[in-house]
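Side chains are part of it too, since the values below use all heavy atoms of this structure and drop only hydrogens, waters and symmetry mates.
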Amino acid sequence: MKRYMHFDKALIYSFLIILSLIWIFPLVSMIIVIFKSPDEFNSLHYWVLPPIKNILKNIGSNIAYAWVKAKIGMNFINSLIFAFSAGVGSAFIASMGGYALVHLKIKRPQSWFFGIFIGNLFPFQMFLIPLYLFLNKLGLYDTRTGLIIVYVGICVPFALFVYRNYAYTLPGEIFDAAKVDGAGKWKSFLKIFLPMSKPAFAVVFIFQFIWTWNDLLFGLILTERYRPIMTALSKLQGARGGVPVTILIAGALIASIPTIIVLLSLQKFFVRGFTLTAGK
């Protein structure tokens, strides 16, 4: 029996190691590329590293080229604004919705929820033309404000799903006691529900920040001057005359940093919140 147990563990660990290697392989490949200058990338074998003295200089020059000469710096800032606004904005709106649907006596809460959540069931491409006409009508096309409104609106249905499920884990007696103590609905929401829903905020913020950061479709169609980082990378890839591969990889590395920082900084709350909301 013990032999079979050891065999099962060895098989599981072997499978996990193989998956880890498959996952790590592109990252290692990316690091090797950015270690080289464009000339070294063309002259050296793919897996051969340049001289150690050249590595730091190559990394700096590749990143500087991508940031300054390829002009992705402003696109990076645009993405930060869009992703942060979408994460925080959708979380706040959904927190009010989740609190109301679960802890306030409103008529037909399930109908309200499904009426909002159904927006996630349709492909986002079908919203492009209505959104384009809507932003044009309001004079918000090709503005940061217009794109922020779009991103927040797109993110609200999933955020409401998370907050509604999390609200079910909070006992209603807490809010009843606050009501007895004289706290109104708005005060209970601000002073009790919001502080207790940090795990739900972490789940919503991480998912929506990463989704908005990685979006290409809306950033490409609904704005021209304020395009996000992913549109800049696609523009680099299709640029006339070609951009060296090392510069493209440097741009991809720059683009990956914020999502890694957000995930690592909110990891504790994210695991707890995801476990609780998924359980409902």
Side-chain angles (χ1 to χ4, degrees), residues 1-67 70 72 76 79-80 83 87 158 199 202-217 228-234 236-238 242-279:
M1 186 67 179
K2 289 185 177 180
R3 289 183 179 179
Y4 286 114
M5 291 178 62
H6 289 309
F7 177 77
D8 289 344
K9 285 185 177 180
L11 190 63
I12 292 172
Y13 284 127
S14 299
F15 179 71
L16 293 176
I17 289 172
I18 292 172
L19 283 181
S20 300
L21 291 175
I22 293 174
W23 183 263
I24 292 172
F25 179 79
L27 300 178
V28 174
S29 174
M30 183 167 128
I31 291 171
I32 289 175
V33 170
I34 202 174
F35 279 175
K36 302 175 182 179
S37 67
D39 292 335
E40 288 171 336
F41 178 79
N42 292 326
S43 60
L44 296 175
H45 187 274
Y46 188 88
W47 297 106
V48 174
L49 291 174
I52 295 177
K53 63 180 181 180
N54 292 347
I55 290 178
L56 287 178
K57 182 180 71 174
N58 292 339
I59 294 174
S61 62
N62 288 331
I63 291 176
Y65 190 102
W67 184 268
I72 69 170
F76 183 91
S79 283
L80 276 181
F158 174 78
V203 173
V204 169
F205 184 79
I206 288 174
F207 270 102
Q208 308 303 30
F209 185 96
I210 293 176
W211 180 84
T212 305
W213 186 271
N214 291 329
D215 173 65
L216 175 65
L217 182 65
I229 186 75
M230 292 304 162
T231 61
L233 292 180
S234 65
L236 276 180
Q237 192 172 10
V243 174
V245 175
T246 56
I247 308 303
L248 289 175
I249 298 299
L253 180 65
I254 293 171
S256 66
I257 292 174
T259 55
I260 295 173
I261 293 175
V262 166
L263 185 58
L264 291 179
S265 59
L266 296 176
Q267 184 178 15
K268 180 179 68 173
F269 292 113
F270 173 77
V271 173
R272 183 184 165 206
F274 191 76
T275 302
L276 290 173
T277 53

Distance (rounded to the nearest 0.5 Å) between I257 CD1 and I254 CD1:
6.5 Å
Donor-acceptor under 3.5 Å (K36 side chain, V48 main chain)
yes
Do M230 and D215 have side chains that approach each other closer than 4.5 Å (heavy atoms only, starting at C-beta)?
no
Residues two or more places apart in sequence or in another chain: which of them pass side-chain contact (heavy atoms from CB on, under 4.5 Å) with S256?
L253, I260
Are any non-hydrogen side-chain atoms of P51 and E40 less than 4.5 angstrom apart?
yes
Minimum side-chain heavy-atom gap N58-I34 below 4.5 Å:
no
Atom of G251, atom of A66 and distance for their closest heavy-atom approach:
N-CB, 4.0 Å
Between L248 and L233, is the side-chain contact (heavy atoms from CB on, under 4.5 Å) condition met? List the steps.
CA-CA 7 Å; L248 289 175; L233 292 180; 5.8 Å; no
I32 CD1 to W47 CH2 distance, which is reported to the nearest 0.5 Å:
5.0 Å
Find the distance between CD1 (I229) and CG (N214) and round it off to the nearest 0.5 Å.
11.0 Å
Tell me, yes or no, whether the heavy-atom count around Y13 atom OH, taken from other residues, nucleotides or ligands under 6.0 Å, exceeds 12.
no
Neighbour count above 12 (heavy atom, 6.0 Å) for I52 CD1
no
Closer than 3.5 angstrom, by distance alone: can the side chain of N62 be matched with the main-chain N or O of S37 as a donor-acceptor pair?
no
Side chains of T246 and F41: does their closest heavy-atom pair fall under 4.5 Å?
yes
Flag the pair P258 / F76 as yes when at least one side-chain heavy-atom distance between them is below 4.5 Å, and no otherwise.
yes
d(L44 CG, D39 CG) to nearest 0.5 Å is 10.0 Å
Compile the donor-acceptor pairs under 3.5 Å between side chains in residues 202-213 and protein atoms, sequence neighbours left out, one pair per line.
from: Q208; atom 1: NE2; to: C155; atom 2: O; distance (Å): 2.8
from: T212; atom 1: OG1; to: Q208; atom 2: O; distance (Å): 2.8
from: W213; atom 1: NE1; to: A255; atom 2: O; distance (Å): 2.6

As an exercise, state the distance from CZ of F35 to CD1 of I59, rounded to the nearest 0.5 Å.
4.5 Å
